[in-house]
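Given the structure is predicted, the values throughout are model-derived calculations rather than measurements.
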Amino acid sequence: MSGQRPDESDHADRPGTPDGSSTSEVPPPATDPWKGLRGVMAGTLVLEAIVVLLALPVVADVGGGVTWFSGTYLVVLSVLMILGAGVQRKPWAIPFNLGLQVLLLAGTFIHLSIGIIAVVFIAVWAFILVLRSDVQRRMDAGLLPSQRIRSKS
C-alpha cells in the first residue's frame with residue numbers, strides 16, 4: 001500500500017478537467033465504506049465467542065463432561081474471537097477470522113454441537129464475504145451513495 005489514505009490522493013498529475021481529475025474516473029467514496037463491514041465482522045466474532053462459551057454446559061451435560069483439553073480449547077478459542085474483534089482494521093483480519101472458523105470446525109471432535117455451531121457461523125461468514133464482495137464491486141463501479149456526483153442546478 002502507498003501509505004496514503006484514499007482521500008489524500010494526488011489529482012494534479014491526472015489528465016482531464018482543470019483540477020486534474022478525469023471525467024471517466026470513479027470518484028472515491030466520501031465516507032469509509034468498510035467501517036460498517038468491520039463493525040459487522042467484529043460483532044459477529046463477539047457473538048460467536050458468546051455462543052461457544054454457552055456451548056460449554058452442553059458439552060458438560062451431554063458430551064460426557066468437560067475435560068481440561070476441551071474446556072481449554074473452547075475458552076481459548078472464545079478469547080481469540082473476542083481479541084480478534086478488536087483487530088478488524090488490520091489487513092490480515094479476514095484470514096484470521098476464517099482461520100478461527102477452521103479451528104471452531106475442528107472442535108467437532110470435542111462434541112457434535114460445536115461442529116453444528118461451526119457450520120452455522122461458517123454460513124454467516126460466507127454471507128459476510130458475499131457482502132464484502134458486493135461493496136467492493138459497487139465501489140469500483142462508483143455506485144455507492146457517497147460516490148454519486150451531484151448535478152449542479
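When side chains are defined from C-beta on, L45 counts as touching Q88, because their heavy atoms get closer than 4.5 Å. When side chains are defined from C-beta on, L74 does not count as touching L53, because their heavy atoms never get closer than 4.5 Å. Under the 4.5 Å side-chain criterion, counting only non-hydrogen atoms from C-beta, T108 is in contact with L105. A 4.5 Å side-chain heavy-atom check between M41 and I94 finds at least one atom pair inside the cut-off. Looking at L104 and I114, their side chains come closer than 4.5 Å, going by heavy atoms from C-beta outward. Side-chain contact between F121 and L100: absent, with no pair of heavy atoms (C-beta onward) separated by less than 4.5 Å. Residues R89 and W34 have side chains not in contact (no heavy-atom distance under 4.5 Å, counting atoms from C-beta outward).
For the atom pair CZ of R132 and CG of D134, the computed distance is 12.5 Å after rounding to the nearest 0.5 Å. Atoms CD1 and CG, from I110 and L77 in turn, are 8.5 Å apart once rounded to the nearest 0.5 Å.
With hydrogens and angles left out, the side-chain atoms of Q136 and D140 include a donor and acceptor closer than 3.5 Å.
The main-chain N or O of T67 is found under 3.5 Å from a side-chain atom of S70 such that the two form a donor-acceptor pair. A donor-acceptor pair is defined here as one N or O able to donate and one able to accept, closer than 3.5 Å; no such pair exists between the side chain of S133 and the backbone of L129. Between the side chain of N97 and the backbone N or O of A93, at least one donor-acceptor pair lies under 3.5 Å.
Under the 4.5 Å side-chain heavy-atom criterion for Ile, Leu, Val, Met, Phe, Trp and Tyr, F96 and V124 are members of the same hydrophobic cluster. Hydrophobic clustering (ILVMFWY, side-chain heavy atoms < 4.5 Å, transitive): I128 and M139 are in one cluster. Following chains of ILVMFWY side-chain contacts shorter than 4.5 Å, one can reach V51 starting from L56, so the two form part of one hydrophobic cluster. Put simply, F69 and V52 are part of the same group of oily side chains (I, L, V, M, F, W, Y) that touch within less than 4.5 Å, one to the next. Placement of L80 and I122 in two distinct hydrophobic clusters is found when ILVMFWY residues are connected by side-chain heavy-atom separations under 4.5 Å, directly or transitively.
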(request) Any chance you could lay out the side chain to side chain contact (heavy atoms under 4.5 Å, CB included) test for W92 and V87, step after step, and finish with the verdict? (result) CA-CA 9 Å; W92 45 266; V87 296; 3.8 Å; yes
(request) Any chance you could lay out the side chain to side chain contact (heavy atoms under 4.5 Å, CB included) test for V46 and M81, step after step, and finish with the verdict? (result) CA-CA 6 Å; V46 170; M81 289 175 182; over 6 Å; no
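You'll find the ring centres of F109 and Y73 inside the 6.0 Å limit.
The environment of R38 atom CZ is dense: over 12 non-hydrogen atoms of other residues, nucleotides or ligands sit within 6.0 angstrom.
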